[in-house]
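Convention: sequence-line order gives letters A, B, ...; per-chain numbering from 1. Hydrogens, waters and symmetry mates play no part in the numbers below; they use all other heavy atoms, side chains included.
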Amino acid sequence: MNSLRSPADEAEARAIQDELRTRVVLDEPGPPPGTGLVTGVDVAYDDERDVVAAAAVVLDAATLTVVEEATAVGRVAFPYVPGLLAFRELPTVLAALESLSADPGLVVCDGYGQAHPRRFGLASHLGVVTGLATIGVAKNPFTFTYEQPGPRRGAESPLLAGTGEEVGRALRTQDGVKPVFVSVGHRVSLDNACAHTLRLAPDFRLPESTRAADTLCRRALRDAIGAGFGTTT
DNA sequence: GCGACAG
DNA sequence: ATCTTGTCGC
């Protein structure tokens with residue numbers, strides 16, 4: 001019953017996405033910004049040794065202080081293929097999330113949710129398999145187009161698919177700095193996803209949840225390799 | 001058909 | 001994602 005078992009090929013991976021996509025919930029507003037817990041997840045790789053490390057960092061949404069941290073290390077189970085990132089990243093992310101004692105609350109992913117060729121990026125995938133509220137905050141617009149938002153923090157503009165539909169939003173989190181690209185994952189509205197992202201990024205371009213998870217998974221990877229993980233003998 | 005393309 | 005020092009600025 002694990003929807004993240006490694007697909008045999010890309011065609012099977014796409015078929016899994018098409019099936020799971022029918023379970024995405026897009027008509028819930030999600031948790032109110034600034035309350036409860038927010039969890040950032042991220043992964044780091046050692047391609048040479050085929051090792052991947054994931055981190056989940058739980059923050060208090062009001063103060064952005066760390067409540068709990070968890071990591072997991074494993075073998076890379078799927079290559080990087082644009083549009084199929086979930087199969088590469090999520091198995092280890094799930095392991096990290098499952099070892100948390102706290103309820104993750106809203107999960108913030110590095111990448112996309114609805115802003116995806118088949119409207120099922122890793123944030124939506126993670127939401128469907130866990131039932132958690134999720135959003136995606138990416139550093140690049142992928143294949144989508146957008147008008148430059150205003151120069152001030154908080155300015156935003158629609159992220160558009162070729163069909164003209166709004167699949168996410170370009171959101172300026174810092175004055176005069178390149179925007180981030182926010183999209184809905186599961187059980188959160190786009191307005192709320194952007195409001196959460198802005199609150200999570202008071203001082204830097206990226207959300208504190210993402211920054212904390214990024215730092216932690218890199219350290220976990222270094223520690224794991226230092227301890228011999230991935231060594232053949 | 002070929003390239004581009006989240007991390 | 002990853003390869004990666006020193007340096008400019010608050």
Seminar exercise, completed: residues 151-162 of chain A vs side-chain hydrogen bond (donor to acceptor under 3.5 Å, both in side chains), sequence neighbours excluded, gives A:Arg152-A:Asp175, A:Glu156-A:Arg169
Which protein N or O atoms sit under 3.5 Å from an N or O of nucleotides 4-10 of chain C?
none

Exercise. For A:Asp42, what residues pass the salt bridge (charged side-chain N to carboxylate O under 4.0 Å, His left out) criterion, not counting sequence neighbours?
Worked result: none
Problem set entry | ILVMFWY network linking A:Val41 to A:Val66, side-chain heavy atoms under 4.5 angstrom | no
Exercise. Mind checking whether A:Val25 and A:Val129 sit in one hydrophobic cluster, side chains of I, L, V, M, F, W, Y counted as touching below 4.5 Å?
Worked result: no
Exercise. Taking DNA chain B as the partner, which of residues 138-150 of chain A come within under 4.0 angstrom of it by heavy atom?
Worked result: A:Ala138, A:Lys139, A:Asn140, A:Phe142, A:Thr143
For this session: Report the distance from atom CZ of A:Arg118 to atom CG of A:Leu20, rounding to the nearest 0.5 Å.
Result: 12.0 Å
Problem set entry | Stems involving DNA chain B, each a run of at least 3 consecutive Watson-Crick or G-U pairs under 3.5 Å | none
Taking [Y]'s backbone N and O only, do any of them form a donor-acceptor pair with [X]'s side chain (distance below 3.5 Å, no angle check)?
X	Y	answer
A:His116	A:Gly83	yes
A:Arg88	A:Val81	no
A:Thr134	A:Ala123	yes

Exercise. Between A:Arg199 and A:Val38, is any pair of side-chain heavy atoms under 4.5 Å apart?
Worked result: no
Exercise. CD of A:Glu48 versus P of C:dA1: gap in Å, rounded?
Worked result: 19 Å
Need one value for [X]: base, sugar-phosphate or nothing, where a base atom within 4.0 Å counts as base even if backbone is also close, heavy atoms only.
X	answer
A:Ala44	sugar-phosphate
A:Gly136	nothing
A:Leu221	nothing
A:Tyr80	base

Using a 3.5 Å cut-off and no angle test, enumerate the donor-acceptor pairs between side-chain atoms of residues 91-101 of chain A and protein atoms at least two apart in sequence or in another chain.
residue, atom, partner, partner atom, Å
A:Ser99, OG, A:Ala96, O, 2.9
A:Ser101, OG, A:Glu68, OE1, 3.1
A:Ser101, OG, A:Glu68, OE2, 3.1

For this session: Kindly state each residue pair satisfying ring pair (Phe, Tyr, Trp, His ring centres under 6.0 Å) with at least one member in residues 49-79 of chain A, sequence neighbours excluded.
Result: A:Phe78-A:Phe87
Problem set entry | ring pair (Phe, Tyr, Trp, His ring centres under 6.0 Å) contacts in which one or both residues fall within residues 184-215 of chain A, not counting sequence neighbours | none
For this session: Taking side-chain contact (heavy atoms from CB on, under 4.5 Å) as the test, write out the residues that go with A:Ala15, two or more places apart.
Result: none
Problem set entry | Derivation and outcome, salt bridge (charged side-chain N to carboxylate O under 4.0 Å, His left out), residues A:Arg21 and A:Asp18 | CA-CA 5 Å; A:Arg21 180 181 52 187; A:Asp18 287 336; 3.5 Å; yes
Problem set entry | Boundaries of the DNA chain B segment in contact with chain A, non-hydrogen, under 4.0 Å | B:dC5 to B:dG7
Exercise. Quick one: hydrophobic cluster around A:Phe181, which other residues, with the 4.5 Å side-chain cut-off, linked directly or via members?
Worked result: A:Tyr112, A:Phe142, A:Phe144, A:Tyr146, A:Leu159, A:Val167
Seminar exercise, completed: The correct list of stems in which DNA chain C takes part (3 or more consecutive Watson-Crick or G-U pairs, distances under 3.5 Å) is none
